Amino acid sequence: MTLLELQNLLKDKVRAAAIMHFQMAPDQIVSEIPPKTELGDLAFPAAFELAKVIKQQTGEKQNPRAIAETLKAELEKFDFVDHVEVAGPGYLNVFYNRGKFLRENAVRQFGSETTDGEKICVEHTSVNPNKAAHIGHVRNSVIGDTFQRILKATGKSVEVQNYIDNTGVQVADVVVGFIYLENRDLDSIKKLDAELAAKSETFDYYCWELYAKVGQRYQADEELKAKRAEVLHAIEEGGNDIALLADYVATRNVECILKTMERLSIRYDLLPRESEILHLHFWNRAFETMKERGVIHFENEGKNAGCWVMPFDSHEGTDEHETDKILVRSNGTVTYTGKDIAYQMWKLGLLGLDFYYKPFFKYADGKEVWITTAERSADTHVRAPSFGHGEAVYNVIDARQSYPQEVVKKGVAAIFPEKGEAASVHLSYEMVALSPAAAGELGFEISDEDRKKPFIEMSGRKGLGVKADDLIDRLEANALAEVESRHPNLAADVKPQVAHQLAVGALRFFLLKFTRNTIIVFDFGEALSTEGETGTFCQYSAVRANSIFRKAEEQGLSLLHFQEILEKTHEAATILNDGEAGNEIWSLAILSSRLDETVRQAASQNEPAILAKYTFALAKAFNLFYHHHKILAERDPVKQAVLAVTADMARRSLTSALDIMGIEVPEKM
RNA sequence: GCCGCCGUAGCUCAACGGGACCAGAGCGUCGGUCUUCUAAACCGAAGGUUCCGGGUUCGAAUCCCGGCGGCGGCACCA
């Protein structure tokens, strides 16, 4: 029986006991994890709830402790339960049968064996394809990627989309730079691209600088600014030289960004592009549906005269019409929100139109990323998977876009009340900002005004930010130096690989340990740290655990051997119940088996940080165990088996937890 | 002005739809641990009126009201 099954069973028993003795039960039986192992393995505050219910229904005041005492006897009849204590103001603390539990869980593998069929779409990354990704973008990608892994671990099938806004103003800005600041045409850009490659410089870094330059020039040059609108219009229109040039620039940036993300083990299934949403007239279809369903109307007068608007009553303004969201401007063009609603409809399979698809990129192991196209190609129907049609859609987008995201969610729900708001989830997170010190380290002039601020917002337009590849490079270099000094004899090709795994672990964990609504004020010292609450710490713990078993194998002691000993004896319980040492071993065993519920909790609360916190706690518990119990030196074979099996449970959970966070366990470190 | 998020130890953060002896971690500080499975580790100590004031509750960091302070969002931009 898994821990989760055991918990559910106990919940049912508590409910049954309540009904048997009091003829009533609280709506929900809540279970908690006691603050310390000595207080038990599972706690039910049910007596408090029950006291409340009894008082409501009968007016009778009952002491929670007395209620708990009554319920206690029922739970103790169960053989997985060693005993139950009533503690504090009326907690029902359940102590599991430690020996039985360890035997049952000694070989259990983590993970859901079945997929429940429902497909979930997760959109993340969605960096404007006009420059290199910075650390703020990486927070988005790491949260999104980890979240989709969490969903998969709970048995969902998931499709990962990375939206490409290839026809927006940001791309237009870089195109303006190429054409009007650098006098380049498409051929010249291709030549530049080749030159950069020869110098092992990257196209996205070049665009980063150019974009910043353009932003600066706009301030003084109105003429240039006027070019932006022209260029943007040409790009949206398509079928002209400027659009071709823009497509090249955007595509090259997408390639660079995909490469950056691949360094962090982040991959995608599909790249939906704005150009196709335009050219395949997604909006028109959405517009028709909205009109049919009567959720938008044409404004004849007032300040929105001539526009198509969708009313929203949830946000009240000073005058009632201020809350209306304009979807079609008076000049007939569609707003971004309008397009976004159409796109969201497609994701949910509600639009009634589809993209065409072609393969865009193949990862080293053969996995393909697809991209949308406007023309039917052979691949679309022959080889392309079925995209979209998500039962639910998660959009990983930063918190500053909460309002437009709410409009999209409410808008789609208004059009399709049968689908409802729950199908659209805005997985919001706060930005990564720079500490004034970090901005200084990057070589930026900081104004006196900025210096007083708690943090400085990164800005692609200003070229202010920590580029993802730069940070990964630094992490890898630091890790490599460390590996060189610790393991000089490690094979030459393994060292950089380990350094890479450590860099990824450090960065991903750093971005995951903060809850989503915490603004990360980026600090180099913290981000580069490999001590304390870090990915490196967690990896180290797993590596140590593995090395125990490697050494054991060398001595002819296999894991199977330990498991068999445990199978044949009932003395394990004696060891696990033996005072402080017993509690310590048991704590690690029980904590290791909480991965399942932790992942579920992270999924239901949309909070990857819960998993990161758990992983760190588990690594810490393992390190403590590691220092106090020398497995290979242990003389008592049963105790050795108990220790080994517990260590194995810990390393399996650690490895799985890290894997769900996209972090690998190195061979040595 | 309106809406939202936030305010917890010197610093950076946790605390699961209110609850269990000292509100927990990490960093930093001070002190201790390597002839024994890797010291990127472990142990111990110091450090908090959970921004302030009310209220609800047997019980509040958590819920409600009112302040103060910080940040973000409020376009016929994306």
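Just so it is clear, the model here is predicted, and its values are computed rather than measured.
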request  = Go along nucleotides 14-21 of chain B 5' to 3' and tag each nucleotide: B for a protein heavy atom under 4.0 Å from its base, S when only backbone or sugar atoms are that close, - otherwise.
outcome  = S-BB-BBB
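- The separation between A/Phe537 atom CZ and B/rG26 atom P is 8 Å, rounded to whole Å.
- A glycosidic torsion no more than 90° from 0 defines the syn conformation, and B/rC34 adopts it.
- Residue A/His487 has its side chain nearest to B/rU38 when only B/rU38, B/rG73, B/rA40 are considered.
- In this structure, A/Leu588 places its CG atom 15 Å from C1' of B/rC42, rounding to the nearest Å.
- With a 6.0 Å cutoff to the six-membered ring centre and a 45° limit on the axis angle, A/Arg651 counts as a cation-pi contact of A/Phe549.
- Side-chain atoms of A/Gln401 and A/Asn395 form no donor-acceptor pair, as typed in the model, at a separation below 3.5 Å.
- One interatomic measurement links the two molecules: CD1 of A/Ile397 to P of B/rG73, which rounds to 15 Å at whole-angstrom precision.
- Geometrically, A/Arg228 engages A/Tyr218 in a cation-pi contact, judged by NZ or CZ lying under 6.0 Å from the ring centre and within 45° of the ring axis.
- Nucleic acid contact class of A/Arg486 (heavy atoms, under 4.0 Å, all strands): base.
- The phosphate of B/rA41 has neither OP1 nor OP2 within less than 4.0 Å of any side-chain N or O from A/Lys620.
- Residue A/Lys551 has its side chain nearest to B/rU38 when only B/rC42, B/rU38, B/rA41 are considered.
- Distances shown here put a side-chain N or O of A/Arg544 below 4.0 Å from the OP1 or OP2 atom of B/rA39.
- One atom, CD of A/Glu430, and another, P of B/rG7, lie 12 Å apart when rounded to the nearest Å.
- Per the geometry, OH belonging to A/Tyr429 stands 21 Å off P belonging to B/rC71, to the nearest Å.
- Across the protein-nucleic acid pair, A/His629 atom NE2 and B/rC43 atom C1' stand 14 Å apart, rounded to whole Å.
- Contact annotation: A/Asn623 side-chain N/O to B/rC42 OP1/OP2 distance is under 4.0 Å.
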